[in-house]
**Student:** 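The structure follows.
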Amino acid sequence: MERGAIPLDACPGGLDLRSTLESGQSYHWRREDGRMYENAPDGRYYTIVDGEFLRVRQAEAALEWEATTDAEPYLRELLRLDDDLDAIVANGPDDPLLREAYAAHRGLRIVDDPAFPCLISFICSAQMRVSRIHGMQVTLAERFGTTHEIEGETYHAFPTPEQLAGASVEELRECSLGYRAPYVKETAEMVAEGEAHPEEALGMDYEDARESLTRFVGVGNKVADCVLLFSLGYLEAVPLDTWIRSAIEDHFPDCDRGSYAATSRAIRERLGGEYAGYAQTYVFHHLRTAGTAEAP
DNA sequence: CCGTACCCTAGTTT
DNA sequence: AAAACTAGGGTAC
């Protein structure tokens with residue numbers, strides 16, 4: 001294993017690793033102590049990307065890592081360490097709710113997950129609690145993913161499109177996917193057979209990219225926005241989930257224009273356009289954790 | 001654009 | 001205590 005540390009003073013706006021990985025953006029990291037979503041401090045998180053094992057923990061002034069390869073380029077990408085949070089916050093709209101969310105969770109970064117796992121996890125997210133979405137991805141990995149032996153421990157990569165397409169709907173249902181099981185299978189088949197790939201949206205204008213992702217089974221506008229924001233680098237995407245819809249109702253009622261597309265345009269504008277997705281993610285996390293005591 | 005069915009589980013209420 | 005009820009980051013038809 002290789003080891004290293006990325007100094008966080010070189011990361012404009014810093015990093016809050018726990019908020020970043022436990023805020024329902026990425027479902028492909030696990031905590032070594034198993035205490036995901038429990039608001040517990042000091043977690044060590046691990047994942048497998050491109051067949052490489054990565055493990056990280058947040059130290060005082062650095063992001064420390066151990067990995068089967070040089071993890072730094074992976075981490076810079078996966079955790080968007082080069083985003084200038086200070087500038088994003090400073091240039092964002094001057095709105096009380098947003099200021100509060102930014103202040104409460106400073107260091108939370110948008111993730112940049114691999115596209116296929118991201119797509120599947122958000123298909124699974126329909127009508128589902130964050131902790132259970134995570135549990136489903138863990139189950140899929142353990143059941144269908146490639147096994148890696150690292151220092152005597154067994155880990156599972158997220159399944160490839162081929163591995164998931166090879167699963168039967170019944171097997172997928174056994175992973176508690178419910179009505180999402182056929183969606184996952186059909187989408188995995190589309191990717192495995194080369195019929196479509198989520199990364200084909202890259203380079204398109206935002207709304208075209210969103211439309212293009214909805215051809216996958218189980219993907220509507222909301223899930224498409226999640227994939228655009230959390231995997232494809234469209235930082236203007238604002239997924240209209242129930243939390244942000246209630247924030248719209250309470251704080252930006254004039255942005256409710258009825259249809260998804262029109263409301264999306266209005267709230268995107270209100271949240272600062274280019275980086276509206278950052279604002280959405282902070283507000284989402286802030287509302288979702290409201291009332292929950294943040295561990296010191 | 002609107003309504004409804006869809007699966008499953010933890011947590012709450014009867 | 002067992003059973004009914006509810007809600008949870010929606011989508012397809």
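First the proteins, then the strands, lettered A, B, ... as listed; each starts at 1.
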**Student:** Contact class for A:Ser259 (heavy atom, under 4.0 Å): base, sugar-phosphate, or nothing?
**Tutor:** sugar-phosphate

**Student:** Considering only C:dT11, B:dC7, B:dT9, which nucleotide approaches the side chain of A:Ser176 most closely?
**Tutor:** B:dT9

**Student:** What is the pairing partner of B:dC7, taking Watson-Crick or G-U wobble pairs with both distances under 3.5 Å in any strand?
**Tutor:** none

**Student:** Please report the distance, rounded to the nearest Å, between CG in A:Leu177 and P in B:dC7.
**Tutor:** 12 Å

**Student:** Would A:His156 and A:His148 satisfy ring pair (Phe, Tyr, Trp, His ring centres under 6.0 Å), going step by step from the backbone distance to the final call?
**Tutor:** CA-CA 6 Å; A:His156 300 269; A:His148 295 257; 8.8 Å; no

**Student:** Counting any heavy atom closer than 4.0 Å, what does A:Gln25 reach on the DNA or RNA strands: base, sugar-phosphate only, or nothing?
**Tutor:** base

**Student:** From the set C:dG8, C:dG10, B:dC8, return the single nucleotide nearest to any side-chain atom of A:Arg129.
**Tutor:** C:dG8

**Student:** What's the OH-C1' distance between A:Tyr27 and C:dG8, to the nearest Å?
**Tutor:** 11 Å

**Student:** Going from OG on A:Ser231 to CG on A:Leu119, what distance comes out if it is rounded to the nearest 0.5 angstrom?
**Tutor:** 8.5 Å

**Student:** How long is the line joining CH2 of A:Trp243 and C1' of C:dG8, in whole Å?
**Tutor:** 10 Å

**Student:** Quick one: label A:Val130 by what it contacts on the DNA or RNA (base, sugar-phosphate, nothing), any heavy atom closer than 4.0 Å.
**Tutor:** base

**Student:** Rounding to an integer number of Å, can you tell me how far A:Tyr179 OH sits from C:dT11 P?
**Tutor:** 9 Å

**Student:** With nearest nucleotides of DNA chain C determined for A:Gln280 and A:Phe216 from heavy-atom distances, which residue corresponds to the more 5′ nucleotide?
**Tutor:** A:Gln280

**Student:** Once rounded to the nearest 0.5 Å, what's the spacing between atom OH of A:Tyr27 and atom CG of A:Asp113?
**Tutor:** 10.5 Å

**Student:** For a side-chain hydrogen bond (donor to acceptor under 3.5 Å, both in side chains) with A:Glu22, tell me which candidate from A:Arg31, A:His134, A:Arg35, A:His285 qualifies.
**Tutor:** A:Arg31

**Student:** What is the distance, rounded to the nearest whole Å, between atom CD of A:Gln127 and atom P of B:dA5?
**Tutor:** 13 Å

**Student:** Output the rounded distance in Å from CZ (A:Arg132) to P (C:dG10).
**Tutor:** 14 Å

**Student:** Return yes if some donor-acceptor pair links the side-chain N/O of A:Glu52 with the main-chain N/O of A:Ile48 below 3.5 Å, else return no.
**Tutor:** no

**Student:** Within the structure shown, what part of the strands sits under 4.0 Å from A:Ser246 by heavy-atom distance: base, sugar-phosphate, or nothing?
**Tutor:** nothing

**Student:** Using heavy atoms to find the nearest nucleotide of DNA chain C for A:Tyr260 and A:Arg180 separately, return the residue whose nucleotide is more 5′.
**Tutor:** A:Arg180

**Student:** Please report the distance, rounded to the nearest Å, between CZ in A:Arg173 and P in B:dT9.
**Tutor:** 12 Å

**Student:** In whole angstrom, what separates A:Leu172's CG from B:dC6's P?
**Tutor:** 20 Å

